[in-house]
Amino acid sequence: MINRSSELLQVARDFIKDKDLICAYVGGSVGRGEADQYSDIDLTVFTLTEVASKKADILYKGEIIQLEILHISELPNQDMIEVTPWDFRFLVEVTILKDEEGKLNELKNWATDYFHSDHGRKKMIEQVSHIVRERIESAFDCLKQQKYYSATIAAMGAWAEAGFLYLFCKEHSLANELMIPQMQSLEVYHTFKRVSPFNLDVNVLEVQRIISRFRKHLRNKGYSYNDVFEIHDILCERKIQRLSNKKEYLNLRYQMYGEALWLYFETSEGLSFEQYFNQLPNELQNDLSKIGFIALEEKNVKEICELGEELLKLSY
């Protein structure tokens, strides 16, 4: 929806107006020009002010801005991108709002060319392959220790990273929500649907309530990470509504699993998932089990790992 993207870009421009910034860009669906009625604004700004990196969600002119504030020294450079290109792939989709010195535009143009060059593509595949295989190794280690929850999470992580690489290499997209739809014609999709930890019988409204209850529990425990705040319930509701309208129910459950998994990563304080899960109230344990936090059997964990390897091959 080009008009919606333009509308949200103008909101972002209004927000940064008169602020002391060196450069600023919008990413996500708005940056790609694909925003719809459920989209928020992913805004990153760079300043000369010596402050710690900061993330905040702000309601502005009726829209949600997911704001990240960085010092200008944190702007990536060509050397950084050449070493770990996968970490900076977002540059291809950003829309630049402010660029006083022209460095951001120059960097975006160079990075886009590099990502699509033979060398850049090869380097990116090598980096993601390393990530995927590290996670597969972790999954197998967890199986040996009979940590089946952690093994499942590691295998899912390997599959997801390989899936995002496939999406980028074959569909030239970074849209998180497109990963599962774009692989539906592949055999790996049907296998994943069979062995995944997602219960498709759970009502989508219940999925929404589970995520909300998990956030509330974490707030009550005293956590104040950005993703724990109630405004993220609104963001989840929008995502659920969008995917529900498209009848993408497996995708919906995967996206909400990702939301809950990130909350675990932010608040785990070094605990394995088994330890973390056992400390949760029984009702919340039951809730999280409904949205994918289950201990898969060893054969299913291994199948998901194999699907990750297969997606790597398909990305070449």
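Residue numbers start at 1 and run along the sequence shown. Please read these numbers as outputs of a predicted model, since none were measured by experiment.
At least one side-chain heavy atom of Trp86 sits less than 4.5 Å from a side-chain heavy atom of Ile131. Phe168 has its side chain within reach of Val92: a pair of non-hydrogen atoms, C-beta onward, lies under 4.5 Å apart. Side-chain contact check for Tyr276 versus Thr267: some heavy-atom pair is nearer than 4.5 Å. Between Tyr249 and Ser244, the closest side-chain pair of non-hydrogen atoms falls below 4.5 Å. Phe214 has its side chain within reach of Leu218: a pair of non-hydrogen atoms, C-beta onward, lies under 4.5 Å apart. The shortest side-chain heavy-atom distance between Tyr254 and Met179 falls under the 4.5 Å cut-off. Using a 4.5 Å heavy-atom threshold, the side chains of Glu237 and Tyr38 count as separate. Put simply, the side chain of Phe164 reaches to within 4.5 Å of the side chain of Asn176, judged on heavy atoms.
With Tyr114 as the fixed residue, the side-chain hydrogen bond (donor to acceptor under 3.5 Å, both in side chains) test singles out one of Arg121, His119, Glu82: His119. When each of Lys239, Arg238, Arg242 is paired with Asp36, the salt bridge (Lys or Arg N to Asp or Glu O under 4.0 Å) condition holds for Arg242 and for no other.
Closest approach of Cys236 to Ile211, counting heavy atoms only: SG-CG2, 4.0 Å. When all heavy atoms of Leu104 and Ala24 are compared, the closest pair comes out as CD2-O, 4.1 Å. Between Tyr264 and Leu271, the shortest heavy-atom distance links the atoms OH-O, 2.9 Å. Residues Gln127 and Asp87 share a closest heavy-atom pair of NE2-OD1, 3.1 Å. Closest heavy-atom contact between Leu252 and Leu243: CA-CD1, 3.6 Å. In terms of heavy-atom proximity, Asp233 sits nearest to Arg219 at OD2-NH1, 4.4 Å.
Side-chain heavy atoms closer than 4.5 Å link hydrophobic residues (I, L, V, M, F, W, Y) into clusters, and following such links, even through other members, never connects Tyr225 to Ile231. Cluster annotation: Ile210 is not connected to Leu235 through the hydrophobic network of ILVMFWY side chains, with a link wherever side-chain heavy atoms come within less than 4.5 Å.
For Lys98, the NZ atom sits in a packed shell: over 12 heavy atoms of surrounding residues, nucleotides or ligands are nearer than 6.0 Å. Annotation: Lys19, atom NZ; neighbour count of heavy atoms from other residues, nucleotides and ligands within 6.0 Å is above 12. More than 12 heavy atoms of other shown residues, nucleotides or ligands fall within 6.0 angstrom of atom CG in Asn203. Atom CH2 of Trp110 sits in a crowded spot, with more than 12 heavy atoms from other residues, nucleotides or ligands closer than 6.0 Å. Sparse packing is recorded around NZ of Lys216, with 12 or fewer heavy atoms of other residues, nucleotides or ligands lying under 6.0 Å away. More than 12 heavy atoms of other residues, nucleotides or ligands sit less than 6.0 Å from atom CD of Gln275.
Under the 3.5 Å distance criterion, with hydrogens and angles disregarded, a donor-acceptor pair is assigned to the side chains of Gln255 and Asn251. No side-chain donor-acceptor contact under 3.5 Å links Asn3 and Ser6. The closest side-chain donor-acceptor pair between Gln10 and Asp14 falls under 3.5 angstrom. Donor-acceptor pairing under 3.5 Å is lacking for the side chains of Gln66 and Asn226. A donor-acceptor contact under 3.5 angstrom links the side chains of Asn245 and Gln241, judged on distance only. Side-chain polar atoms of Ser150 and Ser272 form no donor-acceptor pair below 3.5 angstrom. Between the side chains of His130 and Glu126, no donor-acceptor pair of N or O atoms lies under 3.5 Å.
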For Glu309 and Arg133, what are the C-alpha separation, side-chain angles and deciding distance, and is it a salt bridge (Lys or Arg N to Asp or Glu O under 4.0 Å)? CA-CA 8 Å; Glu309 289 280 9; Arg133 284 162 186 155; 3.1 Å; yes

Take Arg4 and Glu7, measure what salt bridge (Lys or Arg N to Asp or Glu O under 4.0 Å) needs, and give me the verdict at the end. CA-CA 5 Å; Arg4 178 63 172 156; Glu7 181 182 297; 2.6 Å; yes

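Between His172 and His116, the ring-plane angle classifies as tilted under the 30° and 60° cut-offs.
The aromatic ring centres of Phe293 and Phe273 sit less than 6.0 Å apart.
Here Arg209 pairs with Glu206 in a salt bridge; the nearest charged N to carboxylate O distance falls below 4.0 Å. For the pair Arg215 and Glu266, the salt-bridge criterion is not met [side-chain N within less than 4.0 Å of a carboxylate O].
Side chain of Glu161 to backbone of Val128: no donor-acceptor contact under 3.5 angstrom is found.
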